[in-house]
Number of protein chains: 2
Amino acid sequence: MFSKACEYGIRAVIYIWSQSKKGNKLGVKDICKEIDAPEYFTAKILQSLARQNIVSSTKGPNGGFYIDIAQENLRLMDLVRAIDGDKLFTGCGLGLKQCSASNPCPIHHEYKAIREGLAELLKTKTLRELADEVLSGKASLHSIVS
Amino acid sequence: MFSKACEYGIRAVIYIWSQSKKGNKLGVKDICKEIDAPEYFTAKILQSLARQNIVSSTKGPNGGFYIDIAQENLRLMDLVRAIDGDKLFTGCGLGLKQCSASNPCPIHHEYKAIREGLAELLKTKTLRELADEVLSGKASLHSIVS
DNA sequence: AAAATAAAATACTATTTTATCTTTTATTAG
DNA sequence: CTAATAAAAGATAAAATAGTATTTTATTTT
């Protein structure tokens with residue numbers, strides 16, 4: 001469904017958010033250790049998100065990634081769009097170039113419902129909510145390490 | 001969502017079905033012309049589906065692909081599984097190796113609902129239904145050519 | 001039997017995605 | 001001002017997906 005880049009990006013941003021709340025900045029290494037993601041690849045994703053002003057960063061000692069309070073209501077949708085674009089929310093399920101209610105593919109209506117359900121989910125969830133779930137221990141960003 | 005191979009495969013099988021009903025066998029060239037898909041690539045997909053006994057084929061003059069009546073109740077789900085496997089129906093939305101109700105990622109429950117909705121759609125739709133929609137003109141397998 | 005046809009199999013190419021490594025630039029602590 | 005630190009940028013590599021071309025095999029028509 002989501003690309004690997006998007007999966008890592010979401011996990012990273014949720015973690016950054018949960019720590020920014022405490023005023024901490026995080027290095028890529030720390031982030032990747034926590035969310036179990038490849039370091040250099042995740043760095044690229046975060047750099048792209050920084051250019052898009054979704055996360056902030058500072059270089060040098062004590063530098064790292066953080067998220068501005070102003071982004072408190074950032075929706076999961078905004079993040080997915082920033083990384084994967086919106087092909088997931090626009091394209092035809094069977095790949096037709098033109099597919100609409102007036103010239104539908106055989107699963108147009110049903111697929112549209114699924115896709116809209118997904119969009120609704122992503123629009124509803126804010127990064128704040130997601131980070132809170134992790135902070136409260138209700139949800140996790142990595143597999144159990146035993 | 002689906003891979004290109006899967007998109008072409010679904011369109012091809014629906015078209016083959018709609019013609020098999022009339023007793024016609026179809027060559028790859030004809031199929032690809034109708035569904036606007038790359039010829040050699042689609043051929044490979046169909047050959048794989050033939051090995052999996054989802055479509056049938058005969059070589060030589062008047063040969064081609066067709067679908068056995070016994071496959072009348074073939075579900076879209078079976079086709080998607082045969083081409084893309086079931087990663088779409090099993091994996092975690094955020095890519096966690098282990099993600100379950102007891103150790104959930106932050107979108108586990110909501111994502112599960114979306115995924116199950118999709119699975120339900122694919123299990124409900126039979127190839128017969130989809131082909132009928134195309135035959136009756138209610139749905140289309142290619143963009144409008146004006 | 002020979003020629004024609006069409007799928008099957010194999011090999012090859014291109015593009016995109018994922019991942020890693022190296023160099024550069026900015027910032028801060030000493 | 002110099003070291004050290006950490007992100008930014010760029011270059012490269014590996015893997016997966018998408019797409020094309022060629023050869024082989026089976027079947028049918030003449």
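The structure displayed is predicted, hence computed values, not measured ones. Labels below follow one simple rule: chain letters A, B, ... track the order of the sequence lines, proteins then strands, and each chain is numbered from 1.
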Item to check | Polar pair under 3.5 Å, donor/acceptor by atom type, side chain A:Lys59, base C:dT25 | outcome: yes
Checklist entry - In whole Å, what is the span from the CD atom of B:Glu39 to the P atom of D:dA18? => result 19 Å
Checklist entry - Hey, mind stepping through A:Ser56 and A:Asp68 against side chain to side chain donor-acceptor pair (under 3.5 Å) and telling me if it holds? => result CA-CA 7 Å; A:Ser56 307; A:Asp68 200 83; 5.0 Å; no
Item to check | Selected nucleotide, minimal atom distance to B:Ala5 side chain, candidates D:dA26, C:dT20, D:dA18 | outcome: D:dA18
Item to check | Side chain of A:Gln47 - closest among D:dA11, D:dT29, D:dA8 | outcome: D:dA8
Checklist entry - Expressed in angstrom and rounded to an integer, what is the separation of B:Asp30 atom CG from C:dA7 atom P? => result 9 Å
Item to check | Nearest-angstrom distance from the residue atom CZ of B:Phe41 to P of C:dT15 | outcome: 15 Å
Checklist entry - From D:dG19, C:dA8, D:dA7, pick the nucleotide closest to the side chain of B:Ser57? => result C:dA8
Checklist entry - Base, sugar-phosphate alone, or nothing: which one does B:Leu26 contact when heavy atoms must sit under 4.0 Å apart? => result sugar-phosphate
Item to check | Between D:dT17 (P) and B:Asp84 (CG): distance, integer Å | outcome: 9 Å
Checklist entry - Applying a 3.5 Å limit to both distances, which nucleotide forms a Watson-Crick or G-U wobble pair with C:dT28? => result none
Checklist entry - For the side chain of B:Ser143 and the backbone of A:Gln98, is there at least one donor-acceptor N/O pair under 3.5 Å apart? => result yes
Checklist outcome for this item: Of the listed C:dA8, C:dT22, D:dA9, the closest approach to the B:Phe65 side chain comes from C:dA8
Checklist entry - Within this structure, what is the CZ-to-P distance between A:Phe2 and C:dT16, rounded to whole angstrom? => result 22 Å
Next on the checklist: Any side-chain to backbone donor/acceptor pair from B:Gln71 onto B:Asn53? Under 3.5 Å, distance only.
Outcome noted: yes
Item to check | Nucleotide C:dA6, atom P - distance to OH of B:Tyr66 in whole Å | outcome: 16 Å
Checklist entry - Between A:Phe41 and A:Tyr8, how do the two ring planes meet: parallel, tilted or perpendicular, split at 30° and 60°? => result perpendicular
Item to check | Nearest-nucleotide 5' precedence on DNA chain C, A:Pro38 against B:Arg51 | outcome: B:Arg51
Checklist entry - Using purine N1 to pyrimidine N3 plus N6-O4 or O6-N4 for Watson-Crick, or N1-O2 and O6-N3 for G-U wobble, each under 3.5 Å, what pairs with D:dA3? => result none
Checklist entry - So what does B:Lys29 touch, heavy atoms closer than 4.0 Å: a base, only the sugar-phosphate, or nothing? => result nothing
Item to check | Given C:dA19, C:dT5, C:dA8, the nucleotide with the shortest approach to the side chain of B:Ala50 | outcome: C:dA8
Item to check | Candidates D:dT5, D:dA7, C:dT20 - which lies nearest the side chain of A:Pro61 | outcome: D:dT5
Item to check | Separation of atom CD1 in A:Ile16 from atom P in D:dA6, rounded to whole Å | outcome: 15 Å
Item to check | DNA chain D: 5'-proximal contact among A:Asn62 and A:Lys44 (nearest heavy atom) | outcome: A:Asn62
Checklist entry - Under the 3.5 Å rule, do the base of C:dT15 and the side chain of B:Lys4 count as making a donor-acceptor pair? => result no
Checklist entry - Quick one: is C:dT18 close enough that its OP1 or OP2 comes under 4.0 Å of any side-chain N or O from A:Tyr8? => result no
Item to check | Nucleotide D:dA9, atom P - distance to CD1 of A:Ile45 in whole Å | outcome: 15 Å
Item to check | A:Arg11 side chain to A:Asp36 backbone, donor-acceptor under 3.5 Å | outcome: yes
Next on the checklist: For A:Lys125, I'd like to know if atom NZ has over 12 heavy atoms of other residues, nucleotides or ligands within 6.0 Å.
Outcome noted: yes
